[in-house]
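Okay, structure first, notes after.
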Amino acid sequence: MRVLVTGGAGYIGSVVIEALLDAGHDVVAFDDLSTGHRDAVVAPARLVEGDLLDARAVTAALRTHRIEAVVHMAARSLVGDSVADPAGYYRANVTAGLTLLEAVRAAEVGRLVFSSSAAVYGEPASQPIDEGDPPLPKNPYGDTKLAFERALRWYHTAYRLRSTSLRYFNAAGATGRSGERHARETHLVPLVLQAAAGTREAITIYGDDYPTPDGTCLRDYVHVSDLALAHVQALDALARVDGAEVYNLGLGGAGTSVREVIDVARRVTGREIAVRVAPRRRGDPARLVASTERIRLALGWAPRHPALEEIVESAWRWMRGSRDMGGARRTPQPPHAPRPE
Ligand code: UDP
């Protein structure tokens, strides 16, 4: 299938493109390179550099490349940022999303997979979180993701656009080719590994007074390759299933604490990791763990790298490949570099 991946030059986008290529799809990335990297787009996928708010450019990309399905991953995704700049988040995640949907209608593309987030749930009372639990986002980021999911539901009813929204829990890890390299890193796994590498003095634990076994927050970490696999399977399923589906994308279980991540990183790297405990970060729920029955049953999704060791080790390998150990890796150009347009 010919697939357009918005946000394809980002961390998760580049891994999803790898998985789509492996599955035999033709891929075009659409990205404004505001946070992504040109060299993250895996060849032979092509990069169209453009702004999703530019309806004509998006429609032209869909038509020129005769796109049959869209994976919509382009977004702003930092919770704290979204509280400070809701206007920017609604513009990037909702207005641009709806512009994309207009282009999708105009170009008669019938299938779409959407990167949603566990942030749509807010702070649910019961865990693990089920897709049937009421979504009550606690920040603009989660609200923008929910708004787009809701639009998808109505677009299916009215225009028969088939879609799957994947509510990500905590993506981490790397492939041999692609990994996390944010200019401003906020995520736990890369920050812990920077502390192990010595490019960061210590890892700060945001709160150790939560009602959890060791007092630190519990999260559901998924290997980014497993996350990517779910997109490929969701796309395949849209050939059979006429609907607007929503699935959690996490491993389930008891969840992993911040301290457990640090301990695993110490084992994997064989390095000392200094720890500082700071007050809680605003808006952090004590526990966010997915119920994963729905995606396993509906898509047959089964994670191939469920062990936290594997996730952390892959991220460490990726980071060690970088020049400065800070994650700002310069990836060598593949033999067939992506063709910018
Ligand atoms: N965290 C932490 N120190 C950091 C970054 C994150 O203690 O420097 C904690 C954070 O409070 C949360 C967990 O690690 O409980 C995962 O945070 P991350 O930002 O990676 O993902 P989130 O769950 O917020 O999407």
Side-chain angles (χ1 to χ4, degrees), residues 10-12 35 73 75-84 89 93 115-124 127-129 137-146 166-174 179-197 199-224 227 248-266 273-290 308 311-312 315-316 319 326-327:
Y11 162 47
I12 301 176
T35 54
M73 313 186 72
R76 289 179 66 181
S77 61
L78 300 178
V79 168
D81 256 15
S82 77
V83 177
Y89 272 70
N93 296 0
S115 307
S116 189
S117 166
V120 301
Y121 292 113
E123 295 188 42
Q127 303 270 345
I129 306 167
K138 287 278 189 294
N139 49 62
Y141 170 62
D143 206 49
T144 60
K145 289 290 176 182
L146 185 61
L166 298 171
R167 293 177 173 169
Y168 299 176
F169 281 65
N170 289 64
E180 205 163 359
R181 47 174 164 149
H182 296 119
R184 187 157 58 89
E185 192 50 76
T186 62
H187 292 123
L188 181 66
V189 171
L191 289 175
V192 168
L193 293 178
Q194 286 175 11
T199 55
R200 172 175 298 276
E201 226 175 85
I203 181 72
T204 302
I205 295 179
Y206 295 131
D208 66 353
D209 57 350
Y210 284 94
T212 60
D214 68 14
T216 65
C217 289
L218 295 169
R219 292 289 181 274
D220 187 339
Y221 296 91
V222 191
H223 196 294
V224 68
L227 204 89
N248 285 343
L249 187 41
L251 298 184
T256 305
S257 76
V258 175
R259 282 202 189 279
E260 283 171 324
V261 171
I262 297 168
D263 286 343
V264 165
R266 285 187 176 121
I273 299 175
V275 165
R276 258 198 305 261
V277 178
R280 294 179 178 193
R281 191 170 68 174
R282 234 176 84 203
D284 267 345
R287 186 171 174 217
L288 279 179
V289 178
L308 186 65
I311 294 173
V312 172
W316 179 239
M319 190 183 276

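Along the sequence shown, residues carry numbers from 1. Computed from a prediction, not measured in an experiment: that's the story for all the values here. Values below: all heavy atoms of this structure, side chains included; hydrogens, waters and symmetry mates excluded. When a ligand or atom number is given, it counts from 1 through the structure's own listing order.
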statement: Of all protein heavy atoms, the one nearest atom 23 (O) of ligand 1 is Arg219 NE, 2.8 Å
message: Starting from atom 20 (O) of ligand 1, what is the nearest protein heavy atom, named by residue and atom, and what distance separates them?
response: Leu188 N, 2.8 Å
task: Determine whether the side chain, the backbone, both or neither of Leu191 has a heavy atom under 4.0 Å from any heavy atom of ligand 1.
output: side chain
message: Treating Gln194 as the side-chain partner and Leu191 as the backbone partner, does any N or O pair qualify as donor plus acceptor under 3.5 Å?
response: no
message: For atom 24 (O) of ligand 1, what's the nearest protein heavy-atom neighbour? Residue, atom name and distance, please.
response: Arg281 NH2, 2.7 Å
- prompt: Does His187, backbone or side chain, put an N or O under 3.5 Å from an N or O of ligand 1?
  reply: no
query: Between the side chain of Arg266 and the main-chain N/O of Ile273, is any donor-acceptor distance below 3.5 Å?
result: yes
Ligand-side contact atoms (ligand 1) for residue partner Ile205, heavy atom cut-off under 4.0 Å: 7 (O)
query: atom 16 (C) of ligand 1: which protein heavy atom is closest, and how many Å away?
result: Tyr221 OH, 3.6 Å
message: Pairing donors with acceptors under 3.5 angstrom, does anything connect the side chains of Tyr168 and Ser116?
response: no
field: Numbered atoms of ligand 1 (with element) below 4.0 Å of Thr186, judged on heavy atoms
entry: 5 (C), 19 (O)
Any donor-acceptor pair under 3.5 Å from Glu180 side chain to His182 backbone: no
Minimum-distance protein heavy atom relative to atom 11 (O) of ligand 1: Asp284 OD2, 2.5 Å
task: Give a yes or no on whether the backbone of Arg287 and the side-chain of Gln127 come within a donor-acceptor separation of less than 3.5 Å.
output: yes
query: Tell me: protein heavy atom nearest atom 21 (O) of ligand 1, and distance?
result: Asn170 ND2, 3.1 Å
task: Tell me, yes or no, whether the heavy-atom count around Arg280 atom CZ, taken from other residues, nucleotides or ligands under 6.0 Å, exceeds 12.
output: yes
message: Students should be able to answer this: which protein heavy-atom is nearest to atom 3 (N) of ligand 1, and at what distance?
response: Thr204 O, 2.6 Å
- prompt: Do any nitrogen or oxygen atoms of Cys217 lie less than 3.5 angstrom from nitrogen or oxygen atoms of ligand 1?
  reply: no
- request: Keeping the roles fixed (side chain from Asn93, backbone from Arg76), state whether a donor-acceptor pair exists under 3.5 Å.
  value: yes
Ile203, portion touching ligand 1 at heavy-atom distance under 4.0 Å: side chain
From Phe169, Tyr206, Tyr141 - option closest to atom 4 (C) of ligand 1 by heavy atom: Tyr206
query: What is the minimum heavy-atom distance between Ser82 and Pro140, and which atoms define it?
result: O-CG, 3.1 Å
- prompt: What protein heavy atom is closest to atom 9 (C) of ligand 1, reported as residue, atom name and distance in Å?
  reply: Val258 CG2, 3.8 Å
query: Is the cationic atom of Arg167 (NZ for Lys, CZ for Arg) positioned less than 6.0 Å from the six-membered ring centroid of Tyr121 and within 45 degrees of its normal?
result: yes
- request: Record the part of Leu288 in heavy-atom contact with ligand 1 below 4.0 Å; permitted values are side chain, backbone, both and neither.
  value: neither
task: Measure from the side-chain N and O atoms of Asp214 to the backbone N and O of Thr216, and report whether any donor-acceptor pair falls under 3.5 Å.
output: yes
